[in-house]
Student: 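Just passing along the structure, written as structure tokens.
Letters go in sequence order (proteins before strands), and every chain restarts at 1.
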Amino acid sequence: MNQDSQFISRTIIEWYNHHKRDLPWRETKDPYRIWISEIILQQTRVVQGYDYYIRFVDTFPDIIQLADADEDQVLKLWQGLGYYSRARNLHTAAKQVRDNFKGSFPRTYEDILSLKGVGEYTAAAIGSFAFELPYAVVDGNVFRVLSRLFAIDTPIDTSTGKKLFTELANELLDTKQPGLYNQSIMDFGALQCVPQSPDCPNCPLSDKCMAYAQGKVSSYPVKQGKTKVKERFFNYLDIHYKNNTYIQKRTANDIWKNLYELPLIETGSELTLEELQQTQPFTDILQNAGNISIRPVSFTLKHILSHRIIYAKFYKIDITDDTLLKDRFIKIDKSQLDNYAISRLVDKYFEKQAKPDLFL
DNA sequence: AAGCCGGGGCA
DNA sequence: TGCCCAGGCTT
């Protein structure tokens, strides 16, 4: 390690000692709790994941209790956090540890990496935080800090970019205290070397920062970018019979997999009620349902995600015969709805039903 | 290599 | 609006 690298590592650790955030998962060496925190924090801000972490370790104090739980319960606990494959994989990984590692969390980089939902970043994080394994983390913060420090314009969302930054990060790694170093560079990126308008004049590394010297801090890191946003059109049927409503589980490999929702008809474009009533799925669902009365809900929910815009219409439907419906869907009392994991979109619909005056 | 997967905060 | 967030899996 050359002198500049050593200066950079030491400066970042020194900065961390004065500015670090106090976070509950930093007060433990328990790999289980560290793992939970890392999965929750993937593509998720600390403020958004904090309460989920507390609830998770409170509900499942150890990995065996998590492994023995139902996936529905895990997803319910995850509800609202997004990227639900994280919850499904978390549950799978808990069972991996229970069944393949005799219930004790794996201690080598390769074994940790073998867990479902754990990639190179997360394996390095868990390995260094819990076991001081000498692997540098490379996350969004590290990409940003290193690309600016060395003015690297290789796109970070390419395989060559990932390889390049991983090598560089491992050169800078303080192998005597990898856990501390990894925490330091991530907090440094999250609080000092922030994406927008960083306070470079007050940065302890400004003298070593090539991007700052060139006055081009804002142009790093470089991304190929391009995530296209596609539109989808959902028509939800809020069907009522006595005090019951009907739901189904989304089992396809699609958004919100294994969450629950109202009976859904997805269409290629926005349809009027009259057009919707002409579709095959609609007549299928409501055939032999007796006397049917349909009331369109007055609002359309526009649900914006990073790569999708979903326009959701809702129809309140009263029926007088559910002999076919109850076989096709899950029939529940409306009060039972809280027991099922649902998407924010469906959640917002029920919120607006309960408090129509509230603007959401 | 590219596409997919959520939800929210911020300028 | 666009960008980003302690990324990983599937195709």
Student: Salt bridge or not between A:Asp254 and A:Arg232? Use side-chain N to carboxylate O under 4.0 Å.
Tutor: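 So A:Asp254 pairs with A:Arg232 through a salt bridge.
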Student: Kindly say if A:Lys230 contacts the phosphate of B:dC4, meaning a side-chain N or O under 4.0 Å from OP1 or OP2.
Tutor: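 Result: yes.
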Student: Report the hydrophobic cluster partners of A:Tyr311, with the cluster defined as I, L, V, M, F, W, Y residues connected by side-chain heavy atoms closer than 4.5 angstrom, directly or transitively.
Tutor: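 Joined to A:Tyr311, directly or through intermediates: A:Val229, A:Phe233, A:Ile309.
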Student: For A:Asp347 and A:Arg344, work out which heavy atoms get closest and say how close.
Tutor: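 For A:Asp347 and A:Arg344, the tightest heavy-atom pair comes out as OD2-NH1, 3.0 Å.
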Student: Expressed as a whole number of Å, how far does the P atom of B:dC4 sit from that of C:dA6?
Tutor: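 Here B:dC4 and C:dA6 have their P atoms 25 Å from each other.
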Student: Here's a test of your reading of the structure: between A:Asn253 and A:Met186, which maps to the more 5' nucleotide of DNA chain C?
Tutor: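 Its nearest nucleotide being more 5', the pick is A:Met186.
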Student: Determine the interplanar angle of the A:Phe314 and A:Tyr236 rings, folded into 0 to 90°, and report it as parallel if under 30°, tilted if 30 to 60°, perpendicular if over 60°.
Tutor: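 Aromatic pair A:Phe314/A:Tyr236 classed parallel.
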Student: What does A:Val118 touch in the nucleic acid at a heavy-atom separation under 4.0 angstrom: a base, only the sugar-phosphate, or nothing?
Tutor: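 Contact class for A:Val118: sugar-phosphate only.
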Student: Are any of the side-chain nitrogens in A:Lys249 or A:Asp72 under 4.0 Å away from the carboxylate oxygens of its partner?
Tutor: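 Looking at A:Asp72 together with A:Lys249, the answer is yes, because their closest N to O distance falls below 4.0 Å.
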Student: Closest nucleotide of DNA chain B for A:Thr160 versus for A:Arg232: which of these residues is on the 5' side?
Tutor: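 The 5'-side residue here is A:Thr160.
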Student: Can you confirm if the NZ or CZ of A:Lys208 lies within 45° of the ring axis of A:Phe7 and under 6.0 Å from the centre of its six-membered ring?
Tutor: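 Because its charged atom sits under 6.0 Å from the ring centre and within 45° of the axis, A:Lys208 does stack over A:Phe7.
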Student: Once you apply a heavy-atom cut-off of 4.0 Å, does A:Gln183 come out as touching a base, just sugar-phosphate, or nothing?
Tutor: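 Contact class for A:Gln183: base.
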Student: For the residue pair A:His19 and A:Trp15, categorise the inter-ring angle as parallel (less than 30°), tilted (30 to 60°) or perpendicular (more than 60°).
Tutor: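 Because their plane-to-plane angle is under 30°, the rings of A:His19 and A:Trp15 count as parallel.
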Student: Reckon A:Trp35 touches a base, only the sugar-phosphate, or nothing at all at heavy-atom distances under 4.0 Å?
Tutor: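 Nothing, no heavy atom under 4.0 Å.
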Student: Summarise how protein sits on nucleotides 6-11 of chain B as a single string, 5' to 3': B when a protein heavy atom is under 4.0 Å from the base, S for sugar-phosphate-only contact, - for no contact.
Tutor: BBBB--
Student: Over all strands shown, is A:Gln79 touching base, sugar-phosphate only, or nothing at heavy-atom distances under 4.0 angstrom?
Tutor: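 Here A:Gln79 touches no strand at all.
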Student: Once you round it to whole Å, what is the distance between P of B:dA2 and NZ of A:Lys162?
Tutor: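 In whole Å, B:dA2 P and A:Lys162 NZ are 11 Å from each other.
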Student: Could you tell me the boundaries of the chain A footprint on DNA chain C, defined by atoms under 4.0 Å from its heavy atoms?
Tutor: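 Result: C:dC4 to C:dT10.
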Student: What are the two closest non-hydrogen atoms of A:Gln48 and A:Leu81, and how far apart are they?
Tutor: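 Between these two residues, the closest heavy atoms are O-CD1, 4.0 Å.
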Student: Taking the side chain as every heavy atom from C-beta outward, state whether A:Gln280 and A:Asp284 have any atom pair closer than 4.5 Å.
Tutor: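 Touching, per the 4.5 Å side-chain cut-off.
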